[in-house]
Amino acid sequence: MPEMEYLIRFSQSHETFRLPEIEALAIVEGIDLKVISYSLESPFCIVSLPSSSAARRLIARSILVISIHELWGHGATLPEVHSSVRSHTEPLWSQYLSCSFKFTIDSYQGSRTNDQKLSIINSFAYLGFAGPIKMRNPDDEFILFEDWPWNSTPLGIPDPKYYYFGRYLGTSSRETLPKKLDLKKRRYISTTSMDAELALVTANIALAAPGKLIYDPFVGTGSFPIACAQFGALTFGSDIDGRSIRGDEKKRTLRGNFEQYGLTQNLGGMFTADLTNTPIRKSALGTSTSASSSSSSSSSSSSSSSPAGQPKSDGVSGRIFDAVVCDPPYGVREGLKVLGVKDPEKCPWVIPKGMEMYKDPDFIPPRKPYSFLLMLDDILQFSAQTLVDGGRLSFWMPTANDQDQEIPVPQHPYMEVVAVCVQDFNKWSRRLITYCRIPDAQVEAAAIKAYEQAKAERAVEEGKTADDLNPFRNAYFKGFKN
């Protein structure tokens with residue numbers, strides 16, 4: 001039997017995140033997904049899937065999908081819809097002749113009077129359904145979706161630009177999980193805690209699932225590990241400031257957040273560390289064994305090389321994480337810092353003294369200014385050295401919207417860009433950039449050479465102030481004016 005078409009009804013929010021999330025969930029569930037029709041301007045997406053059960057599984061944990069439907073017909077006019085329904089689904093009608101049912105009209109960006117709705121519903125009488133009509137808990141629900149032009153009601157536009165007719169199959173987690181993890185109800189948060197909705201979307205795009213090991217090197221109060229743990233992953237995290245992890249050392253702690261949601265079994269461990277001075281074992285690039293390099297043949301297929309899209313690790317090289325997920329500091333309120341001494345020659349006693357006192361609970365290690373662009377390089381380098389083949393890096397990065405001030409998407413020869421999602425804030429925006437770890441054998445020598453050269457040029461930066469080292473901070477305080 002040929003694959004049937006299904007209609008995904010998205011929320012009309014975070015438009016650039018929607019398709020990457022649903023494509024990631026197809027990998028997690030091991031479902032063959034084909035996108036037939038999709039536009040950022042519309043909440044309706046037509047896809048091809050193997051079965052109705054696969055359709056329900058696909059959206060079960062989605063945050064940006066509202067519902068999914070077995071697509072019976074579609075067209076630019078109602079007569080076209082009726083013709084489509086007759087030609088594609090007539091053999092199915094007999095299955096619903098005696099079932100209880102209800103008809104619904106969902107008018108996106110438009111409206112209908114009750115008389116108009118009744119007239120449209122009666123136009124489907126040829127389906128021959130003879131069962132009882134139940135407005136609550138029917139056996140089946142049939143919905144006519146109308147996609148109207150923007151501002152159609154005040155403009156008096158008489159008809160939608162497109163129609164979709166389908167049978168309801170299932171609802172996503174959009175109405176449940178974001179409310180469960182809502183920051184307003186969380187015990188312990190900070191001013192930079194990522195909101196629950198976007199944290200969950202990030203976890204989905206990072207392929208969080210049972211059996212996965214996921215690490216956040218800028219963990220803060222734990223928004224991303226909590227979201228990933230909600231989907232069954234074993235999570236780890238670190239932060240340069242251990243106080244953000246410890247909180248008040250009572251209930252208002254990162255661990256207390258896991259306890260609040262009953263997720264302590266998915267809390268692997270949290271520790272104080274700096275990304276450039278981490279105790280995590282990293283493998284030298286280009287030295288993976290055949291077990292690691294053969295776990296996937298390409299960035300698109302690697303994640304489905306094992307059940308639930310779980311890539312394999314060789315267990316030796318140090319590349320053990322299935323995903324690195326983070327929202328690194330933007331350095332706006334205060335300049336970026338990294339562990340170290342700004343001028344070792346002027347303060348030679350600092351490092352030896354720190355080696356004596358580092359176990360003191362009150363010890364605060366010295367820090368030095370850190371370049372924003374070098375931080376991005378370090379995140380990619382760390383991920384390339386710790387992710388399994390097919391593993392994902394999903395991190396947030398701010399940038400100016402002005403083309404002359406825009407920070408380009410960072411590149412790395414071992415990391416392939418999978419998706420770039422954008423949350424716009426007028427003059428600036430932040431991107432959720434997702435990469436896939438490429439097997440060593442697929443990395444070209446020329447790409448490595450070009451990367452090393454570009455990184456060396458960036459390392460020789462002019463200036464020592466926070467603004468000199470952070471182009472985004474500099475643009476932010478200038479009002480993003482050239």
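As the structure is a computational prediction, the values presented were derived from the model and not from experiment. What you see below is based on every heavy atom in this structure, not just the backbone, and it leaves out hydrogens, waters and symmetry mates.
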Discussion item. Among E41, Q109, R18, exactly one meets side-chain hydrogen bond (donor to acceptor under 3.5 Å, both in side chains) together with Q12. Which residue is that?
Written reply: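 Between Q12 and the candidates, side-chain hydrogen bond (donor to acceptor under 3.5 Å, both in side chains) is satisfied uniquely by R18.
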Return the [atom1] to [atom2] distance between [X] and [Y], rounded to the nearest 0.5 Å.
{"X": "I407", "Y": "N470", "atom1": "CD1", "atom2": "CG", "value": "7.0 Å"}
{"X": "I59", "Y": "R9", "atom1": "CD1", "atom2": "CZ", "value": "12.5 Å"}
{"X": "R392", "Y": "M415", "atom1": "CZ", "atom2": "CE", "value": "10.5 Å"}
{"X": "I433", "Y": "I205", "atom1": "CD1", "atom2": "CD1", "value": "12.0 Å"}
{"X": "L387", "Y": "F382", "atom1": "CG", "atom2": "CZ", "value": "8.0 Å"}
{"X": "L373", "Y": "L469", "atom1": "CG", "atom2": "CG", "value": "9.5 Å"}

Looking at every non-hydrogen atom in both residues, tell me the closest pair between [X] and [Y] and how far apart they are.
{"X": "P366", "Y": "V341", "result": "CG-CG2, 4.4 Å"}
{"X": "A400", "Y": "Q405", "result": "CB-CB, 3.7 Å"}
{"X": "V28", "Y": "R61", "result": "CG1-NH1, 3.8 Å"}
{"X": "R252", "Y": "I189", "result": "NH2-O, 4.5 Å"}
{"X": "C436", "Y": "V418", "result": "CB-CG2, 3.5 Å"}
{"X": "I31", "Y": "P50", "result": "CG2-CD, 3.9 Å"}

Atom [atom1] of [X] with >12 non-hydrogen neighbours under 6.0 angstrom:
{"X": "K180", "atom1": "NZ", "result": "yes"}
{"X": "E444", "atom1": "CD", "result": "no"}
{"X": "Y358", "atom1": "OH", "result": "no"}
{"X": "K449", "atom1": "NZ", "result": "no"}

Taking the side chain as every heavy atom from C-beta outward, state whether [X] and [Y] have any pair of such atoms under 4.5 Å apart.
{"X": "V219", "Y": "S238", "result": "no"}
{"X": "R319", "Y": "T386", "result": "no"}
{"X": "P225", "Y": "I214", "result": "no"}
{"X": "F477", "Y": "V332", "result": "yes"}
{"X": "I245", "Y": "F271", "result": "no"}
{"X": "F395", "Y": "P410", "result": "yes"}
{"X": "S62", "Y": "L25", "result": "yes"}
{"X": "T253", "Y": "R246", "result": "no"}

Worksheet entry | Sidechain N-carboxylate O distance under 4.0 Å for K184, D182 |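 Looking at D182 together with K184, the answer is no, because their closest N to O distance does not fall below 4.0 Å.
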Do any N or O atoms from the side chain of [X] and from the backbone of [Y] form a donor-acceptor pair under 3.5 angstrom?
{"X": "R430", "Y": "M397", "value": "no"}
{"X": "E70", "Y": "S52", "value": "no"}
{"X": "Q423", "Y": "C421", "value": "no"}
{"X": "Q230", "Y": "L177", "value": "no"}
{"X": "S37", "Y": "I46", "value": "no"}
{"X": "N401", "Y": "N426", "value": "yes"}
{"X": "D322", "Y": "L213", "value": "yes"}
{"X": "N257", "Y": "T221", "value": "yes"}
{"X": "T16", "Y": "V422", "value": "yes"}
{"X": "K212", "Y": "L207", "value": "yes"}

Item to complete: Kindly state whether the ring of F480 and the ring of F425 have centres lying under 6.0 angstrom apart.
Response: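 That pair fails the under 6.0 Å test.
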Item to complete: Would you sort out whether I63 and H14 count as a side chain to side chain contact (heavy atoms under 4.5 Å, CB included), showing the intermediate values?
Response: CA-CA 10 Å; I63 306 301; H14 303 304; over 6 Å; no
Worksheet item: Under 3.5 Å, is there a donor-acceptor pair linking the side chains of Q381 and H412?
Response: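 Yes.
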Discussion item. Is it the case that the side chains of S193 and Y188 hold a donor-acceptor pair, with the cut-off being a distance below 3.5 Å and no angle test?
Written reply: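 Their side chains do not contain a donor-acceptor pair, so the 3.5 Å distance test is not met.
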Discussion item. Would R473 pass as a cation-pi partner of F372, given that its NZ or CZ must be under 6.0 Å from the six-membered ring centre and within 45 degrees of the axis?
Written reply: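 That pair does not qualify as a cation-pi contact.
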Worksheet entry | Aromatic ring pairing Y330/F472, orientation class (parallel under 30°, perpendicular over 60°, tilted between) |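 The arrangement is perpendicular - the two ring planes meet at more than 60°.
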Discussion item. Walk me through whether R367 and D274 qualify under salt bridge (Lys or Arg N to Asp or Glu O under 4.0 Å).
Written reply: CA-CA 10 Å; R367 304 178 188 182; D274 165 16; over 6 Å; no
Discussion item. Under the ring-ring contact (aromatic ring centres under 6.0 Å, His included) test against H69, which residue among F44, F145, Y164 passes?
Written reply: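 For H69, the ring-ring contact (aromatic ring centres under 6.0 Å, His included) test succeeds with only one of F44, F145, Y164, which is F145.
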Practice prompt. Could you go through the side chain to side chain contact (heavy atoms under 4.5 Å, CB included) check for F224 and T235 one step at a time?
Written response: CA-CA 9 Å; F224 289 124; T235 60; over 6 Å; no
Worksheet item: Partners of Y38 by ring pair (Phe, Tyr, Trp, His ring centres under 6.0 Å), sequence neighbours excluded?
Response: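 By the ring pair (Phe, Tyr, Trp, His ring centres under 6.0 Å) rule, Y38 matches F10.
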Discussion item. Test side chain to side chain contact (heavy atoms under 4.5 Å, CB included) on E29 and L58; report intermediate values, then the result.
Written reply: CA-CA 7 Å; E29 295 294 335; L58 176 67; 5.8 Å; no
Worksheet item: K481 and D402: salt bridge (Lys or Arg N to Asp or Glu O under 4.0 Å), yes or no, with the steps?
Response: CA-CA 9 Å; K481 297 178 181 178; D402 185 275; over 6 Å; no
Item to complete: Go through the steps for Y414 and S383 under the test side chain to side chain donor-acceptor pair (under 3.5 Å), then give the verdict.
Response: CA-CA 9 Å; Y414 289 80; S383 301; over 6 Å; no
Fill in: Intermediate values then yes/no, side chain to side chain contact (heavy atoms under 4.5 Å, CB included), L33 and L49
CA-CA 6 Å; L33 167 72; L49 296 167; 3.7 Å; yes
